[in-house]
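Have a look at the structure below before the remarks.
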Amino acid sequence: MAGLARNALAGLAMAGLMLPEAVAYAGIAGLAPGRALIAAVVGGLAYALVGRSRFAVVSPTSSSAAILAASLASLATGQAGAAMLAANATALTLLAGALFLALAAARLGSLAGFVARPVLRGFALGLALTIIIRQLPALTGLPAPQGSVGVVGWTILRQAGQWHGATLACGLGALALLLLLRRWPGVPGALIVLVLGIAAASLPGFAALGVAQAGPAPLLLAAPVLPGDPAQWLRLVPLAAPLVLILFAESWGTMRSLALARGDTLDANRELAGLGLANAAAALAQGVPVGAGFSAGSANAASGANSRVAGVFAALALLALALWAGPLTARLPQPVLAAVVVAALTHALSPAPLLRPWKVGRDRWTAPVAALGVLTLGVLDGLLLAVGLSLAQLLYRLAHPSLSQLGQLGTSHDYVDMAAHDTARAVGGLAIFRPNAPLFFANAETVLGLVARRAQGLGVPVVVLSLEESDDLDTTAAEAIGELHATLARRGGRLILARTHDRARAVLAASGLGDLARDATFSVADAVALAQTAPRQA
């Protein structure tokens, strides 16, 4: 029962945050605020049916709103004006939901695994900084500058003399109280601050201070209106792909980051289906695209949520707020809302994700580059940079694998890397090598050329090549093995393959290397025994 109350309080706090955010995000796309509100309600409820993230709050996000605005701006609406704009927005939301569901059905959620965890953490850090910097106009009482996050930050700093004192005091006071209330995890700090903000705004004389307020946001309840021209749908389909990309990246990055921090596990395909259902439901309610925003997810976790029931409470509370508490929430000071967002993201500013790879000695530059990419290039291009960085890192490692020389441990059948085990000894008359990555077209010639040179330097007639890392071979790798076989034979030596998988044997046999496939062994010990009992004649 205590857990239910805790999630209910977290949901109430999130509803107070989601309402003004939805209004702002609808404004970015040039749409009625009610579209974003209804999307947050039905999208959040639909996600809870399928999704499994405990902390995700599925609602309109700043990134999806920005891409939706750019997509709608690229479409000529002609004399239809606002009606066509609304129809295009609904159609894009529906297409996004369909594409999410198609990706889930094809079980392509594993594509998310191509983003390494250091890159993901760097992306989360960059996204957190981006959102915080974009809250500065609301905290200082200045108009929000247009342009990149760098432009926004520099413009706000340059205009420090024009900061609105009452707005700044209100925002910093709310932020200080939020950080103080964190000392008591069971206290719903965000909800308390939001209630205090509304109470302060209701005092006589507050309006004279000039602090901006959230304003009214009527809920939109209407049947969906879609484009009737098939040609218009063909123009919309290419625009849905980047929308899905950014929603998936932002949502999965949020879900996975929060899950990693708390030891949870998530199925990417199931989350794809949850996002697909949420966007399809939002479209049918004439809403806008929805996803799991990083600021909302972080705020939900910070508010004490421990299950997705909090998301259900948030959606229902948002519905109640929009229907019955509109006059109260309209008074909410904007700097207080900005403070709640900033406070929710302060934990994401920890340098630990950047320092951990340096301690391990791996992936040292990936997280900082990913964070810098988001800050300098924007969320979408920063995401593409992060994905490209992960793939480049993978390809570099595969193309430059280390090569171990194996030795025997005592009189056992264990053969290990001699560089890592001082007690391992080389077997007389032969050398045992193991490439520490699968052999394929990008590394086979380099690695096997190195094997040939080392064998020649050691002056051994027999080379045992352990293929334990290569469960399969492409044609380039098979040909390179054949060339090593021929090179050793010309020197009067011999190549024996060890720990050879069945698929690799089949490829070798089909490549005209039947003798190698026939003599290949399943263990290094068997290969050594074969070399010692049946040496090949020159």
Side-chain angles (χ1 to χ4, degrees), residues 1-14 17-18 44 47-48 50-59 61 109 112-113 115-129 131-132 178-179 181-191 248-272 274-275 278 291-315 340-357 359-360 363 367 370-371:
M1 196 68 181
L4 185 62
R6 183 177 181 180
N7 285 296
L9 288 174
L12 288 173
M14 288 310 304
L17 178 64
M18 291 162 64
Y47 171 81
V50 177
R52 287 296 179 266
S53 174
R54 291 194 292 155
F55 308 107
V57 177
V58 175
S59 62
T61 70
V115 183
R117 291 189 180 186
V119 172
L120 181 65
R121 294 187 179 107
F123 177 80
L125 175 61
L127 186 58
L129 286 170
I131 295 172
I132 288 174
L178 284 164
L179 297 178
L181 291 174
R182 279 190 180 175
R183 302 178 65 178
W184 298 276
V187 176
L191 179 60
F248 182 47
E250 186 176 22
S251 301
W252 180 247
T254 296
M255 295 170 182
R256 193 175 171 198
S257 296
L258 294 172
L260 285 174
R262 293 158 179 83
D264 295 346
T265 57
L266 294 174
D267 180 359
N269 291 307
R270 191 177 189 104
E271 300 309 317
L272 277 172
L275 291 171
F294 191 75
S295 60
S298 300
N300 194 31
S303 298
N306 57 16
S307 82
R308 64 183 185 279
V309 174
V312 174
F313 274 112
V340 172
V341 174
V342 172
L345 294 171
T346 51
H347 73 281
L349 303 181
S350 170
L354 303 183
L355 298 177
R356 189 179 300 115
K359 295 178 181 178
V360 177
D363 309 323

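Scope of the values below: all heavy atoms of this structure, side chains included, with no hydrogens, waters or symmetry mates.
The nearest pair of heavy atoms linking Asp264 to Phe55 is OD2-CE1, 3.9 Å. In this structure, Ala371 and Leu125 approach most closely via the heavy-atom pair CB-CD2, 4.2 Å. Of all heavy-atom pairs spanning Ala310 and Asn300, the tightest one is CB-OD1, 3.9 Å. Thr254 and Gly297 make their closest contact through CG2-CA, 4.4 Å (heavy atoms, listed as atom of the first residue, atom of the second, distance). Listed here is the closest heavy atom pair of Ala314 and Met18: CB-SD, 3.9 Å. Annotation for Ala292 and Ala56: closest pair CB-CB, 3.9 Å, computed over non-hydrogen atoms.
Two residues are said to be in side-chain contact when any heavy atoms from C-beta on lie closer than 4.5 Å; Leu349 and Ile132 meet this criterion. Residues Trp252 and Leu266 have side chains in contact (heavy-atom distance under 4.5 Å, counting atoms from C-beta outward).
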Stepwise side chain to side chain contact (heavy atoms under 4.5 Å, CB included) test for Leu272 and Phe248: CA-CA 8 Å; Leu272 277 172; Phe248 182 47; 3.6 Å; yes
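Among residues two or more places apart in sequence or in another chain, the side chain to side chain contact (heavy atoms under 4.5 Å, CB included) test is passed with Ala315 by Leu45.
Going from atom OG of Ser257 over to atom CZ of Arg262 covers 10.0 Å, rounded to the nearest 0.5 Å. For the atom pair Leu9 CG and Phe313 CZ, the distance stands at 9.5 Å (nearest 0.5 Å). To the nearest 0.5 Å, the span separating CZ on Arg54 from CG on Asn7 amounts to 9.5 Å.
A side-chain donor-acceptor contact under 3.5 Å links Tyr47 to the backbone of Ser53. No side-chain donor-acceptor contact under 3.5 Å links Arg52 to the backbone of Glu271.
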